[in-house]
Amino acid sequence: MSQKIVETLNPAQQQAVTAAEKHMLILAGAGSGKTKVLVHRIAWLIQEQAISPYNIFAVTFTNKAANEMRQRVESILKGATSGLWMGTFHGLGHRILRRHWMAADLVENFQIIDTDDQTRILRRIIKSLNIDEKKTPPKLALWFISQQKDQGLRAKDVNDRDDFSKRNLKLIYEKYEIQCQQSGLVDFAEILLRTHELLLNNPDILNHYQQRFQHILVDEFQDTNEIQYAFIHLLTGKDSSVMIVGDDDQSIYGWRGAKVDNLHQFCRDFPQTQTIRLEQNYRSTKTILGAANVLISHNSDRLGKELWTEGENGDPIIHYTAFNDIDEAHYVVKQIRQLLCEDFERSEFAILYRSNAQSRLLEEALLREGIPYRIYGGLRFFERAEIKDALAYMRLMVNRKDAAAFERIINTPTRGIGDKTLGIIRTHAANNHISLWHAAESLVADNGLSGRANNAVTEFIQLINQLEEKTNSLPLHEQVDAVIHDSGLYQHFKQEKSEKARSRVENIDELLNATRLFSLDSSSDLSPMAAFLAQAALEAGEERSGEESQCVQLMTLHAAKGLEFPVVFIVGLEEGLFPSFYADENPGGIEEERRLCYVGMTRAMKKLHITQAQMRRVHGKEHYHRPSRFLREIPKEYLVTQGGTQRVFHQGKTSFNTTKSTPSMATMESNGEFNLGQRVRHNHFGEGIVTNFEGQGAHSRVQVQFDNNDSKWLVAAFAKLESV
DNA sequence: GAATGCGAAGGCAGG
DNA sequence: CTTCGCATTC
């Protein structure tokens, strides 16, 4: 039996799985079998060391990863793993908070809100404080509050004395804190902060968990933030062992508060830590790995690690220079077309981009060619408006004080309660320090509203009360069925004819399905509805599984972490896009972008294409970006370059890419007289490049971007453009 | 007929 | 997600 667990592992992996040291740091490179090590470690502890699953606590980055890992452990052990705590930081924190809600100063039926709910609440707060929404947009406040919480800071802890700009943010944070507390709402960052405070302030509770969790395992440690680190540090009792797994080269969530430094910090705080490196890669070709290794070597302060593989050299990486973003999309689709004729399946392709906005042109191109695709990580199921509407009804039924749910559905579908009425309710609630629900009730009772509004609000209150009364003894899916029908949500979407409305109805049906299948976690003592809501909130950010079949996959580079594909396209390698323009603003920004590029490259198993467009439309404006520095950092011997047009100038200064135009480009992007990207001179306006044209012959018009950055449409017959 | 609400039309874009 | 003209209710 003991052989079974370790026999499929390489020496470094074996060493990690069977390590007897107190604390372990596993530096696991991309594709080095990190998940395998964690799974086998847990199995080994249980089977070989006779550790009870009850004494193990394992944290992963996503719920999906946690489920997968649990299944793999179960399949090795051929048995249950009950008592084993495995999940995300948020999932595990939530579990603790539910158990100790009173000690955590929460209400029993507290609900979790997502960033969308947060933004709505914050928008209202900013308005009510008469703060300029232009200077302090809800997004900024949201970002600020999350950042404070990630650092363990409450509103009262924010020091605004030296920093005037923090003044308003602190005010907003204070009000937000109060409102969430009164409404029984907890945001994602709050889950972590609250859990940490709970353990910190209740020695008996802390002691219990420290005793219980003899073995703590943390995956993706490079992406932990301050509060998560503090949580692990606190949870580790003197008899506990911690194993952390991570890769400093794959830290890409610094903008979200993750601290790579936590890896270093760990070695300082847990002195008996032994480090093991997993450097053998089982995923990519020598070429891909070699290029990625050189790229990442441009970063400083690395823990040091160089991946190697026994695999073959494989094909060179193809670097394509497109004339513009449309051409880039064409190229990608053309390549996919070609490879599909060879031995590849659609699901073996991934197109990775830096920002979501880039997906549109790629989608259009795929659509034109009739290649099915799937966008990974767009709006997730539980984030969709119609689903959130239905859930908001359920939330209000569970907890009448839930202000976010109240605001969301009081007039969804429309029932004659508009801004004015809602405004009166809000004011009444604020003046009397009561919940919106309570305010609505009391206004109706005192006839504080106009006749029309009074009727509408009364009906709404009755609707929620009756729904709860009528369904509280029914099974969950019948409750939800009643909610979507009695609320009028189903009708509302059904009567609309658009494609959008149809998919909304489908989604609502899907929600019914989900509730029908929902089985209650045995350890939970929540009502089925409350348990379902909690799960929906915590897993909102993730995909429904099993849909990737036979589709080309599109996603951001961030979303690609942890995945692998035979063929990968990384598009948009341009300065200002990738690395992002925002990267310059914060220290280490460029290095994080470089790691992101490294993550992208190491997703590829067999073939890798990287593309760049000389001209790209961003927010409807034309931009001429220089090629990404990452392209220069990859040594020539790994690359084959393709595409590229005549010289294209950036504001008449820097010239780049003088490769000859490919035939396909010339025929595709030409009107017979001029080529896109061609350099021309106009008698009056000077020199520029052709960026667009329409029509043929005498009537054709040409768009020229002149070197002084003016762009003009010219009638070709009159403009007398000379090519340069 | 005034007040209020509805739905449509142009912005806006960081993962 | 705001701004606007039109519709609806009392």
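These numbers come from the heavy atoms of this one structure, side chains and all, not from hydrogens, waters or symmetry mates. Per chain, numbering begins at 1; letters A, B, ... match sequence-line order.
- Between A:Arg395 and A:Asp402 there is a salt bridge, since a side-chain N of the basic residue sits under 4.0 Å from a carboxylate O of the acidic one.
- A salt bridge between A:Arg120 and A:Glu407 is absent, with no side-chain N of the basic residue lying under 4.0 Å from a carboxylate O of the acidic one.
- Within 4.0 Å of A:Ser450, counting heavy atoms only, lies no atom of the nucleic acid at all.
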Anything under 3.5 Å between a protein N or O and an N or O of nucleotides 6-8 of chain B, put it in a table, one pair a line.
from  : atom 1 : to       : atom 2 : distance (Å)
B:dC6 : OP1    : A:Gly416 : N      : 2.9
B:dC6 : OP2    : A:Asn411 : ND2    : 2.9

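- Checking A:His319 against A:Thr611 by side-chain atom types alone, no donor-acceptor pair falls below 3.5 Å.
- Within 6.0 Å of the CH2 atom in A:Trp143, the count of heavy atoms belonging to other residues, nucleotides or ligands does not exceed 12.
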Side-chain donor-acceptor pairs under 3.5 Å in residues 458-465 of chain A, sequence neighbours left out?
from     : atom 1 : to       : atom 2 : distance (Å)
A:Thr458 : OG1    : A:Asn454 : O      : 2.5
A:Asn465 : OD1    : A:Arg400 : NE     : 3.4
A:Asn465 : OD1    : A:Arg400 : NH2    : 2.8
A:Asn465 : ND2    : A:Ile461 : O      : 3.4

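- We find that A:Arg256 and A:Asp150 are not joined by a salt bridge, their nearest charged nitrogen and carboxylate oxygen being 4.0 Å or further apart.
- The separation between A:Lys420 atom NZ and C:dT8 atom C1' is 17 Å, rounded to whole Å.
- A ring-centre distance under 6.0 Å is found for A:Phe61 and A:Tyr253.
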Hey, what are the protein-to-nucleotides 11-15 of chain B N/O distances that come in under 3.5 Å?
from   : atom 1 : to       : atom 2 : distance (Å)
B:dA13 : N7     : A:His619 : ND1    : 3.3
B:dG14 : OP2    : A:Tyr582 : OH     : 3.1
B:dG15 : OP1    : A:Asn356 : N      : 3.4
B:dG15 : O5'    : A:Asn356 : ND2    : 3.4
B:dG15 : O3'    : A:Thr556 : OG1    : 3.1
B:dG15 : N2     : A:Arg354 : NH2    : 3.0
B:dG15 : N3     : A:Arg354 : NH2    : 2.6

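- OP1 or OP2 of C:dC10 has at least one side-chain nitrogen or oxygen of A:Asn455 nearer than 4.0 Å.
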